[in-house]
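Written out below as structure tokens is the structure these notes cover.
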Amino acid sequence: MKDGDNIDIGDKYDKIMKLAVRRGFYWPSYEIYGGVSGFFDLGPLGVRLKNNIVGLWRKVFIELHQDLVVEIETPIIAPEVVFKASGHVESFTDPIVECVRCGRKFRADHLIEAAVNIKTEGLGVDELTRIIRENDIRCPSCQGPLSEVRTFNLLFKTTIGPYSDNVGYLRPEAAQGMFVSFKRVREAMRNRFPIGIAQIGRVSRNEISPRQGMIRLREFTIMEIEFFFDPDDPRCDLLYRVEDRKINILTADMRRKEIQEPQPMKISEAVDDGVIKIPWQAYWMGVSDVFAEALGVDKDNIYFEEKLPHERAHYAQQVFDQMVKVSRWGWIEISGHAYRTDYDLSRHIKFSNQSLEVVKTLDKPMKITEKKIKIDKLKIIERYGGESSKIFRALSKVDPGEIHRYIDSSTGKILIDNIEIDPDIIVVEEHEKEIKTVKFIPHVVEPSFGAERLLYIVLDNSYTEDGERVLLRFKPYIAPIHVAVLPLLENDESMVKIARDIYKKLIANGVSAIYDSSGSIGRRYARADEIGVPYAVTVDHQTIKDGTVTIRLRDDRSQIRIDEKDLISWIRKETEEQLWRYLDNIMV
RNA sequence: GCGGCGGUCGUCUAGCCUGGUCUAGGACGCCGGCCUCCCAAGCCGGCGAUCCCGGGUUCAAAUCCCGGCCGCCGCACCA
């Protein structure tokens, strides 16, 4: 939305909140019991709007990429081991200390690093407490003494089944479901690769103090893709679709130089210059840029901000947040684009003992030299007698190519786990082998969106005041209600009848519509504008004569007259055209 | 979580300081009816708040006091 459309309309956030509550987009949950912060209900219009936003995301990211991306659904609750493997049990935790005097809370590790410059990575709460005591670190705010260090974990904890020691957690991201079921999905998709696995679902994070309405929730809908690719071949064969597109980027380098203005950059340049490390990530960022525009966000109000190392989540090697400007809060994150490397799959391989590698066939067979340890069994038994089995066991652990590492330089003997072995009992044999396939652990780039934030973004970008009137300029393809059907006069039976018939026909054809006959026609237009109905169909005297109706457009109040019979196809065509104005950019 | 400010029909608000006249008033909204040939017109009727929750003071609390919840702002925290 251009600034000119919305000059000085006071606190837009408050107005949107009021409108949302009054007209039924959303409201605070559990209101009659006083409410709980961080939870919101979606009302009738909110559900429709959210479904349309989710639907658009699904269309853009999944349906238009259906040769590449598949959607699955996994549980919200996972056993503890899943989040131990993912690192969330350990790293979704912050060490906190509290000032005994003023009650302020601080990140213990940050406090120590700032006060005495000791590296705190990997230290437990006891060690952190000890460092604070030993260095007499005090409250930076009031110099008061500090409490013991404790941890606060953002995971919601629960138990599974009647056994209280069977700990489970509500997922804070949908990603782990995709990693854990990676093997099954691959099998179901006949080993297609590269592959994106998408999931849309609820996640929970026990935020310390959520504010900002729909922006920071304790429970929300996440929409993410884990896109798996070969780290040795990260080329993206779709990059051409977006390579000429300019996106606004603020890199970590720029941020370190205290540059605050994002720079427009061609996606191809960002890849070639190494600004975005992984071409696939660059592609999804381009798609996300198109997606945000399709939601109605002005290009100037979108940029991608690269996160600094200490800002990144534990699993990520490069992260860009897609930022969108909204009233009151300025720039907020609507999506995160994380290069998660093989971190998650590797961890699940380790914790589950399952193979999650991908096998690829080489373009041409490769010759490798394979080393094998040939053991002189007889000599071992002869020389070591009853100790022989230990020797066999020790030798079996050793990688043949690495055997030289175990040779003790002073004695010349092989030393494995404190067992000494004479070198003459083994021979390392080398022979050439032709291999046609190799195994690798795929790397992952992840675009991840929060649906409720998008809902707010859409409202914030749609909200417009025109004198006394309020209108939501939703793009027609995401509007919760597409058409309002209005008889010009309520006391004219034939108008009412025709209008009712049109209404029935619309809903029978899957067009979301409302029928409104109460009050003056102007009032009804205004009511429809306020909930963002793009098209109002009015049945008037001429309709009775010749079967034509007026379509009144929300944004400029202009009217066109068409034959009632063409109504549905007109609406469909109009809506589709508006959508494809954006989507054409990525389907080239 | 700390500090500041706030919380009265769906919405905006009057009343609170100076307790009783408040069975809480108005406007908008919503519902029904009348009227109306195109942008919140008018008329009639109706709906709707035990004043955020709990406790205390008092003969008497929307009003004074304490605690909690929720919201906004700042700090802290967080993706």
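Please read all numbers here as calculations on a predicted model, not as lab measurements.
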Taking atom types as they are modelled, would you say the side chain of A:Gln559 forms a donor-acceptor pair with the base of B:C38 within the 3.5 Å cutoff?
yes
Could you work out the separation of B:C77 and B:G55 based on their P atoms and round it to a whole Å?
38 Å
Under 3.5 Å, is there a donor-acceptor pair between the side chain of A:Arg524 and the main chain of A:Pro487?
yes
Does the ring centre of A:Phe291 sit less than 6.0 Å away from the ring centre of A:Phe449?
yes
Stacked cation flag A:Arg205 on A:Phe156, 6.0 angstrom / 45 deg
no
Distance criterion of 3.5 Å, no angle test: do you see the side chain of A:Arg552 paired donor-to-acceptor with the base of B:C39?
yes
Determine the contact category for A:Val549: base if any of its heavy atoms lies under 4.0 Å from a base atom, sugar-phosphate if only primed atoms, P, OP1 or OP2 are that close, otherwise nothing.
nothing
For B:G29 and B:A61, measure between their C1' atoms and round to the nearest Å.
31 Å
Phosphate contact (B:C34 OP1 or OP2) by A:Asn491 side-chain N/O below 4.0 Å
no
Lys/Arg cation over aromatic A:Tyr515: A:Arg500, 6.0 Å, 45° cone:
yes
When rounded to the nearest Å, what value does the distance between C1' atoms of B:G6 and B:C12 take?
16 Å
Has A:Ser520 got a side-chain N or O lying under 4.0 Å from the OP1 or OP2 atom of B:U36?
no
Quick one: does A:Asp540 reach the base of B:C38 with a side-chain donor-acceptor pair under 3.5 Å?
yes
Does A:Arg527 put a side-chain nitrogen or oxygen below 4.0 Å from OP1 or OP2 of B:C30?
yes
A:Tyr13 side chain N/O closer than 4.0 Å to the phosphate oxygens (OP1, OP2) of B:C72?
yes
So, is A:Arg523 near the phosphate of B:C30, with a side-chain N or O under 4.0 Å from OP1 or OP2?
yes
Of the listed nucleotides B:A40, B:C12, B:C39, the one nearest the side chain of A:Tyr525
B:C39
